[in-house]
Amino acid sequence: MASMEMEIDGSGIVSSNEIKQRGKKNMVRKKKNKSKGTSTKETFHYLPKFRCFSLKSETDRKGNFDMEVEDEGRGKMTPTHLIIMVNGLVGSAQNWKYAAKQFLKRYPEDVIVHCSECNYSMLTFDGVDVMGERLAEEVISVIKRHPSVQKISFVGHSLGGLIARYAIGRLYERDLTREQSQENGECRSDGVEDPLLEHKVKGKIAGLEPVNFITSATPHLGTRGHKQVPVFCGFQPLEKVAARTSWCLGRSGRHLFLTDRDKGKPPLLIQMVNDTEDLNFLSALQSFRRRVAYANVLYDHLVGWSTSSLRRRKELPKLKHLSKDDKYPHIVNVETIKTASTQEEVSFEANASGCKHIDLEEEMIRSLTKMSWERVDVSFKGSKQRYLAHSTIQVKTYYLHSDGADVIQHMVDNFVV
């Protein structure tokens with residue numbers, strides 16, 4: 001197991017090299033070498049007039065690592081909010097390292113960040129369901145290690161967003177106690193019904209209060225046709241060939257291209273927009289206080305704008321209407337969609353009843369937009385890293401994808417603790 005500590009102060013996370021450059025003294029380094037792995041601990045005492053924190057990162061044998069902050073003066077703190085970060089196809093826990101540090105820098109006393117790697121490298125070809133089950137088991141084990149946590153949030157990049165959606169369906173629990181209270185007409189002391197009761201009844205994820213569910217460049221609607229994989233340029237013959245050869249990416253490829261129909265069941269992504277007998281996918285997603293979809297407008301060659309932002313192509317904003325934000329230069333549009341109206345649902349049902357084949361993409365959009373979403377559109381137009389947009393939006397590797405730092409900062413600043 002490897003352990004690393006870095007200091008956090010008013011100016012941010014400070015590395016050893018930066019401290020040396022500033023000419024600061026009183027630096028203590030302790031290194032231990034063990035027969036089974038290496039444990040490295042570095043503690044920097046810097047700027048004593050400020051409250052001093054140390055960033056602790058622990059990695060287990062499977063590659064998972066937790067990041068949390070320790071108060072130099074008071075010792076280990078007891079944060080109550082667990083953030084689970086999930087990587088995408090052929091990814092690893094290291095892909096979220098930059099973002100994890102930004103969350104801890106902003107909320108040092110409140111959060112623990114767990115970067116999952118139960119699904120890494122070639123294991124990401126095993127299928128959304130298999131990976132979702134792995135993640136669910138991992139989340140339970142993390143909660144056992146951190147008994148102080150009371151809230152939970154998920155952040156997923158690309159395929160990781162779908163894995164997280166499956167996992168929360170497995171981890172969802174109905175809050176029967178609060179449901180019973182509602183049935184009994186629970187009221188406040190002044191005799192007025194509690195307006196927050198409806199929110200509280202939504203349920204929990206692994207026994208914790210669900211708060212943020214955030215996805216970044218995630219193909220919520222799959223990658224089948226409709227220009228959902230921009231590298232094919234909307235050329236239908238290429239899209240059809242890709243669908244037929246989706247097996248190259250294992251079961252994950254078949255799930256993404258909606259070509260899986262195990263035992264006569266609908267494709268998995270279609271199943272994941274409804275509650276099933278043993279998995280409450282929709283209820284789990286609805287239980288979160290907020291849901292956010294970050295999407296690349298341009299230059300993402302793997303995941304299209306509409307599938308990552310949960311829009312029909314005709315609903316995509318006109319490029320000329322997009323404008324940069326002064327604080328977050330690569331954020332070009334932010335909007336919140338409310339729950340689909342009853343009239344729209346009735347209209348859809350009427351149209352669907354007259355069709356022999358219901359468009360799979362339309363079915364997913366209709367189900368997923370039964371709840372509110374925050375859509376955040378991102379554009380790296382003009383950036384030298386624009387052709388790496390799919391990884392830049394995550395800041396997968398800082399020296400290659402640093403232009404996405406403002407997107408991560410937007411995510412951190414709007415995070416509900």
Side-chain angles (χ1 to χ4, degrees), residues 63-65 67 83-103 113-121 123-126 128 131-132 134-135 138-139 153-168 212-223 228-230 249 252 255-256 269 285 288 291-297 299-305 307-310 330-331 373-380 385-398 400-412 414-415:
N64 309 301
F65 66 87
M67 299 181 74
I83 303 175
I84 303 294
M85 292 188 156
V86 191
N87 60 268
L89 196 68
V90 200
S92 72
Q94 295 297 322
N95 300 160
W96 278 118
K97 192 170 184 178
Y98 173 81
K101 287 182 178 180
Q102 305 316 303
F103 273 99
V113 182
H114 176 78
C115 299
S116 167
E117 201 175 16
C118 63
N119 301 300
Y120 67 94
S121 189
L123 292 178
T124 56
F125 293 165
D126 290 348
V128 174
M131 292 187 287
R134 286 193 199 122
L135 179 60
E138 182 180 7
V139 170
S153 293
F154 287 80
V155 183
H157 174 252
S158 193
L159 183 62
L162 295 178
I163 298 169
R165 276 178 49 196
Y166 188 98
I168 63 173
N212 306 272
F213 189 89
I214 303 171
T215 62
S216 177
T218 290
H220 287 287
L221 311 177
T223 54
Q228 300 295 24
V229 183
L249 298 177
S252 297
H255 289 157
L256 288 171
L269 295 192
L285 200 53
F288 285 83
R291 290 155 294 277
V292 191
Y294 286 81
N296 279 313
V297 173
Y299 301 110
D300 190 327
H301 304 298
L302 301 178
V303 178
W305 186 11
T307 186
S308 55
S309 65
L310 291 166
H330 298 110
I331 302 293
W373 283 83
E374 297 171 37
R375 291 170 173 152
V376 183
D377 298 317
V378 178
S379 175
F380 293 106
Q385 300 169 2
R386 61 186 179 276
Y387 295 111
L388 302 174
H390 188 68
S391 296
T392 301
I393 196 173
Q394 182 195 16
V395 191
K396 187 174 182 178
T397 304
Y398 187 78
L400 289 176
H401 314 113
S402 58
D403 283 358
D406 65 307
V407 180
I408 297 299
Q409 193 60 51
H410 181 276
M411 188 183 296
V412 171
N414 291 276
F415 190 81

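Only a predicted model underlies this, so the values are computations on that prediction, with no experimental measurement involved.
Distance check, rounded to the nearest 0.5 Å: CZ of F103 to CD of Q409 gives 9.5 Å. Here M131 contributes atom CE and L123 contributes atom CG; the two are 9.0 Å apart, rounded to the nearest 0.5 Å. The distance from the CG atom of L310 to the CZ atom of R375 is 6.5 Å, given to the nearest 0.5 Å. Distance CE/M85 to SG/C115: 6.0 Å, rounded to 0.5 Å. Atom CD of Q385 sits about 3.5 Å away from atom CG of D403, to the nearest 0.5 Å. Summarising the geometry, atom CD belonging to Q394 is positioned 8.5 Å from atom CE belonging to M411; distances are rounded to the nearest 0.5 Å.
Considering only residues two or more places apart in sequence or on other chains, V128 meets the side chain to side chain contact (heavy atoms under 4.5 Å, CB included) condition with L159, L162, Y166, H255, L268, M272. F380 meets the ring-ring contact (aromatic ring centres under 6.0 Å, His included) test with H330; sequence neighbours excluded. For the salt bridge (Lys or Arg N to Asp or Glu O under 4.0 Å) test, no residue two or more places apart in sequence or in another chain qualifies with R386. Evaluation of the side chain to side chain donor-acceptor pair (under 3.5 Å) rule for T397 yields no partner, not counting sequence neighbours. With sequence neighbours left out, the ring-ring contact (aromatic ring centres under 6.0 Å, His included) criterion links Y299 to Y387. Partners of S153 by side chain to side chain donor-acceptor pair (under 3.5 Å), not counting sequence neighbours, listed by chain and number: H81, N212.
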Assess the residue pair V86 and V155 against the criterion (side-chain contact (heavy atoms from CB on, under 4.5 Å)); give the C-alpha distance rounded to whole Å, side-chain angles, the decisive distance to 0.1 Å, and a yes or no.
CA-CA 6 Å; V86 191; V155 183; over 6 Å; no

Worked check of side-chain contact (heavy atoms from CB on, under 4.5 Å) between S158 and V303:
CA-CA 8 Å; S158 193; V303 178; 4.2 Å; yes

Could you give me the CA-CA distance, side-chain angles and deciding distance for K101 and Y398, then say whether side-chain contact (heavy atoms from CB on, under 4.5 Å) is met?
CA-CA 12 Å; K101 287 182 178 180; Y398 187 78; over 6 Å; no

Between I168 and F288, is the side-chain contact (heavy atoms from CB on, under 4.5 Å) condition met? List the steps.
CA-CA 10 Å; I168 63 173; F288 285 83; 3.7 Å; yes

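Nearest approach of N87 to S92, heavy atoms of both residues: CB-O, 3.4 Å. Between R134 and C118, the shortest heavy-atom distance links the atoms CD-O, 3.6 Å. When all heavy atoms of A405 and Y98 are compared, the closest pair comes out as CB-OH, 3.3 Å. In this structure, S308 and N296 approach most closely via the heavy-atom pair OG-N, 4.3 Å. Here the shortest heavy-atom pairing between A295 and W305 reads CB-CD1, 4.0 Å. G91 and T124 make their closest contact through N-CG2, 4.4 Å (heavy atoms, listed as atom of the first residue, atom of the second, distance).
Residues Y294 and H410 place their aromatic rings such that the two centres sit under 6.0 Å apart.
Annotation: side chain of V297 is not in contact with side chain of V378 (no heavy-atom distance under 4.5 Å). Side-chain atoms of D126 and N119, non-hydrogen and from C-beta on, never get closer than 4.5 Å to each other. With contacts defined as side-chain heavy-atom distances shorter than 4.5 Å, the pair I84/L135 qualifies.
A donor-acceptor pair under 3.5 Å is formed between the side chain of H157 and the backbone N or O of H390. Using a distance-only test at 3.5 Å, with no hydrogens or angles considered, a donor-acceptor pair links the side chain of T307 to the main chain of G222. Between the R291 side chain and the L285 main chain, a donor and an acceptor come within less than 3.5 Å of each other. Side-chain atoms of T223 come within 3.5 Å of backbone N or O of L256 as a donor-acceptor pair.
The aromatic rings of F213 and F154 lie tilted to each other, with the angle between the two planes from 30° to 60°.
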